[in-house]
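Data block below; observations after.
Position 1 is the first residue of the sequence; numbering continues from there.
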Amino acid sequence: GSVGGSNNSPVKVAELDNVSMVSAGNIQTCALLNNGKIKCWGSNKHWALGSDISTTGSPLYAKPSPAEVSDISNGIYISSGFRNSCAITSDKITKCWGSNNPYGWLAEDGSYTGSKIPKNISSFDNSSSVIAGTFHLCNIDSSKVYCWGNGDYGGLGNGFNTGVQFTPLEVNVSNATSLSVGSDFTCALLKSGKIECWGGGVGSHYGILGNGGTTRSAGPVEVSGINT
């Protein structure tokens, strides 16, 4: 409930109980409650908290205690990214809020205008997972994977140097059950138990795709050494 300083041991988040999921982003943290509501805290400079609340204290934009996200009472999944967050509701709709600049995180409208409150990502109506990353986001809808945002580093699975993609693009991955998004790459866990990854524009020389190589990949490659 206060700002400034640091703490080297865990402290309880104020006014927060019955949490089923938590996700920390770059400037904000959000928690999904058992009743389907979502509360966020941190910086609201880029509307990352999902509500039109006043944050005029010191430091400016700080909200050190949880604030309820507007217009969501049936959440089942939450993910916080760089300056934005996304949620999935019980009717399998994906909603995102916060900044849309410079990488089009909120998708679809072709502009860089952010949103103070959650907006539907209309491409999806059967979502099971959404992951908000630094440069891009990915979503599972009907076991298919879709990504959008900055396509320059291959994280969208459709090539390199493709610029900002506002419209979610389908990745050539089938039967995905969960996702993890890195800064410039993405990995998907499949129903078979195998993992496929793609991208890696900056960190590929570290072998982050797990396929035994140190080069980036414009499309999914299977992580080696995982037997099902």
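- Rounded to the nearest 0.5 Å, atoms CZ (R83) and OH (Y103) are 9.0 Å apart.
- Every residue two or more places apart in sequence or in another chain was checked for a side chain to side chain donor-acceptor pair (under 3.5 Å) with K119, and none qualifies.
- Contact annotation: the side chain of W105 never approaches that of C96 to less than 4.5 Å [non-hydrogen atoms, C-beta and beyond].
- For S180, the side-chain contact (heavy atoms from CB on, under 4.5 Å) criterion is met by no residue, not counting sequence neighbours.
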- request: Let me see the working for S65 and K63 under side chain to side chain contact (heavy atoms under 4.5 Å, CB included), right down to the final yes or no.
  value: CA-CA 6 Å; S65 57; K63 184 68 173 70; 3.0 Å; yes
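- The CG atom of N101 lies 11.5 Å from the CG atom of N84; values are rounded to the nearest 0.5 Å.
- Evaluation of the ring pair (Phe, Tyr, Trp, His ring centres under 6.0 Å) test over residues 161-184, restricted to residues two or more places apart or in two chains, returns Y112-F166.
- Note on W47: it does not cluster hydrophobically with V130, by side-chain heavy-atom contacts below 4.5 Å among ILVMFWY residues.
- To the nearest 0.5 Å, atoms OG (S217) and CZ (F185) are separated by 13.0 Å.
- By the criterion of side-chain heavy atoms lying less than 4.5 angstrom apart, applied directly or through intervening Ile, Leu, Val, Met, Phe, Trp or Tyr residues, I117 is not grouped with V69; the two fall into different hydrophobic clusters.
- A side-chain donor from one of K95 and N120 sits under 3.5 Å from a side-chain acceptor of the other.
- In this structure D91 satisfies the salt bridge (charged side-chain N to carboxylate O under 4.0 Å, His left out) test with no other residue, sequence neighbours excluded.
- In this structure, I78 CD1 and I88 CD1 are separated by 9.5 Å, a value rounded to the nearest 0.5 Å.
- N175 has its side chain out of reach of S192: every pair of non-hydrogen atoms, C-beta onward, lies at least 4.5 Å apart.
- A continuous path of ILVMFWY side-chain contacts below 4.5 Å connects V171 to I131, so both sit in one hydrophobic cluster.
- Formation of a donor-acceptor pair under 3.5 Å by the T177 side chain with backbone atoms of L189 is found in this model.
- With sequence neighbours left out, S127 forms a side chain to side chain donor-acceptor pair (under 3.5 Å) with T94, N139, D141.
- The two residues N44 and S51 make their nearest non-hydrogen contact at ND2-O, 3.6 Å.
- A donor-acceptor pair is defined here as one N or O able to donate and one able to accept, closer than 3.5 Å; such a pair exists between the side chain of W198 and the backbone of G155.
- When all heavy atoms are compared, the tightest approach of A107 to N100 is N-OD1, 3.8 Å.
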Can I get a per-line list of side-chain donor-acceptor pairs under 3.5 Å for residues 19-27, giving both atom names and the distance, sequence neighbours left out?
residue : atom : partner : partner atom : Å
S20     : OG   : L32     : O            : 3.2
S23     : OG   : S80     : N            : 2.8

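- A side chain to side chain donor-acceptor pair (under 3.5 Å) check over residues 158-173, counting only residues at least two apart or in different chains, returns nothing.
- Note on Y77 and V181: same hydrophobic cluster, where clusters join Ile, Leu, Val, Met, Phe, Trp and Tyr whose side-chain heavy atoms are under 4.5 Å apart, directly or indirectly.
- A heavy-atom distance below 4.5 Å is not found between the side chains of I72 and K37.
- Partners of F124 by ring pair (Phe, Tyr, Trp, His ring centres under 6.0 Å), not counting sequence neighbours, listed by chain and number: Y146, W148.
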Full working for side chain to side chain contact (heavy atoms under 4.5 Å, CB included) between Y61 and S43: CA-CA 5 Å; Y61 307 114; S43 172; 3.9 Å; yes
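- Tracing side-chain contacts under 4.5 Å through hydrophobic residues (I, L, V, M, F, W, Y), one never reaches L169 starting from V164; they form parts of separate clusters.
- Every side chain to side chain donor-acceptor pair (under 3.5 Å) that Q28 has, sequence neighbours left out, goes to S85.
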- request: Decide side chain to side chain contact (heavy atoms under 4.5 Å, CB included) for C197 and V223; before the verdict, give the C-alpha distance in whole Å, the side-chain angles of both, and the deciding distance to 0.1 Å.
  value: CA-CA 7 Å; C197 300; V223 175; 3.7 Å; yes
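- With sequence neighbours excluded, the residues that form a side-chain contact (heavy atoms from CB on, under 4.5 Å) with A218 are F160.
- Residues satisfying the side chain to side chain donor-acceptor pair (under 3.5 Å) criterion with N126, sequence neighbours excluded, are K92, S142.
- The two residues K39 and P66 make their nearest non-hydrogen contact at CB-CB, 3.8 Å.
- Annotation for I38 and A87: closest pair CD1-CB, 3.5 Å, computed over non-hydrogen atoms.
- The two residues P220 and V173 have their closest heavy-atom pair at CG-CG2, 3.5 Å.
- Legend: disulfide bond (SG atoms under 2.5 Å apart) pairs involving residues 101-140, not counting sequence neighbours, sorted by first then second residue: C138-C147.
- Note that OG of S70 is 8.0 Å distant from CD of E68, once rounded to the nearest 0.5 Å.
- If you take CG on L156 and OG1 on T186, they are separated by 7.5 Å, rounding to the nearest 0.5 Å.
- Put simply, the side chain of L190 does not reach to within 4.5 Å of the side chain of E222, judged on heavy atoms.
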- request: Check step by step if side chain to side chain contact (heavy atoms under 4.5 Å, CB included) holds for L33 and L16.
  value: CA-CA 9 Å; L33 309 185; L16 203 60; 3.7 Å; yes
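- Nearest heavy-atom pair, P118 versus W97, reported as atom, atom and distance to 0.1 Å: CG-CE3, 3.6 Å.
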